[in-house]
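Please read the structure below before turning to the comments.
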Amino acid sequence: MVKSRLFVTLIATAALTATLVVAGCHGGGPSGAYTDTTGRMTMEFKDGKVFLNMGGMADPEGTPYDVNGDKITIHYAPDSILGQFSVLTINSDGTLQGPMGILKKK
C-alpha cells in the first residue's frame with residue numbers, strides 16, 4: 001500500500017514537472033506575425049527566430065531571440081542598424097512595444 005502511494009506520487013510529480021517545463025519553454029512568448037499600423041514592418045516569430053521585414057527589405061535567415069518575463073531580446077549585432085530594435089516588451093493585450101511603436105498580431 002505504501003509503495004503504490006509512493007509510486008503514484010512520483011508519477012504525479014514527474015507529470016507536473018514535465019508540464020511546467022513545456023509551459024516555461026513555450027508559454028508567454030510571441031508566435032506568428034506582428035505588424036505595425038502602416039503594414040510596412042512585420043516581425044514573424046517561428047522556430048526560435050524572428051524574421052524582420054521592413055519596407056520590402058527582409059531578413060531571410062532570421063535572428064535568434066530570448067524571452068524573459070515580458071521582455072523579448074532579439075540578438076541583432078549591437079553595431080548594426082537593427083540594434084535599436086533588439087528589445088521589445090510584451091504588453092498585457094499581447095501586442096509588442098518597441099522603439100518603432102506597437103506591433104499587433106496579424
Side-chain angles (χ1 to χ4, degrees):
M1 184 73 141
V2 173
K3 285 184 179 182
S4 66
R5 189 173 278 176
L6 178 62
F7 181 73
V8 169
T9 302
L10 287 174
I11 295 297
T13 302
L16 178 61
T17 301
T19 301
L20 291 174
V21 166
V22 169
C25 292
H26 299 289
S31 66
Y34 292 77
T35 188
D36 68 353
T37 56
T38 67
R40 290 184 165 192
M41 185 175 87
T42 61
M43 289 184 145
E44 184 176 3
F45 294 85
K46 67 178 182 181
D47 301 327
K49 291 185 176 183
V50 62
F51 298 84
L52 177 65
N53 186 327
M54 268 188 346
M57 295 187 331
D59 173 16
E61 300 296 319
T63 303
Y65 68 93
D66 294 318
V67 178
N68 187 5
D70 68 343
K71 299 292 182 205
I72 302 168
T73 302
I74 304 170
H75 299 286
Y76 295 124
D79 60 343
S80 77
I81 193 166
L82 295 176
Q84 64 182 324
F85 300 111
S86 63
V87 179
L88 304 171
T89 301
I90 303 170
N91 296 323
S92 60
D93 63 356
T95 59
L96 304 180
Q97 178 76 47
M100 74 303 274
I102 294 178
L103 302 173
K104 294 183 180 180
K105 190 155 185 168
K106 280 180 134 180

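Quick caveat: nothing in here was measured; it's all calculated off a predicted structure. In what follows, every heavy atom counts, from backbone to side chain, and hydrogens, waters and symmetry copies are set aside.
- Of the possible polar contacts, one joining the K105 side chain to the S31 backbone as a donor-acceptor pair under 3.5 Å is found.
- Residue G98 comes nearest to L88 through the heavy atom pair CA-CD2, 3.7 Å, listed as atom of the first residue, atom of the second, then distance.
- Residues satisfying the side-chain hydrogen bond (donor to acceptor under 3.5 Å, both in side chains) criterion with D66, sequence neighbours excluded, are H75.
- The closest side-chain donor-acceptor pair between K104 and T35, if any, does not fall under 3.5 angstrom.
- Under the rule for a side-chain hydrogen bond (donor to acceptor under 3.5 Å, both in side chains), S92 has no partner lying at least two apart in sequence or in another chain.
- D59 meets the side-chain hydrogen bond (donor to acceptor under 3.5 Å, both in side chains) test with T63; sequence neighbours excluded.
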For residues 39-55, which side-chain donor-acceptor pairs fall under 3.5 Å, sequence neighbours excluded?
from	atom 1	to	atom 2	distance (Å)
K49	NZ	E61	O	3.4
N53	OD1	G56	N	3.2

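- Partners of T95 by side-chain hydrogen bond (donor to acceptor under 3.5 Å, both in side chains), not counting sequence neighbours, listed by chain and number: N91, D93.
- M100 and I74 fall within the same hydrophobic cluster, defined by Ile, Leu, Val, Met, Phe, Trp and Tyr side-chain heavy atoms under 4.5 Å apart, directly or through other members.
- In this structure, the side chains of I72 and I90 come closer than 4.5 Å at one or more pairs of heavy atoms.
- Between the CG atom of L96 and the CG atom of D36 there is a distance of 12.0 Å, given to the nearest 0.5 Å.
- Among residue pairs with one or both ends in residues 87-106, none qualify as ring pair (Phe, Tyr, Trp, His ring centres under 6.0 Å); sequence neighbours excluded.
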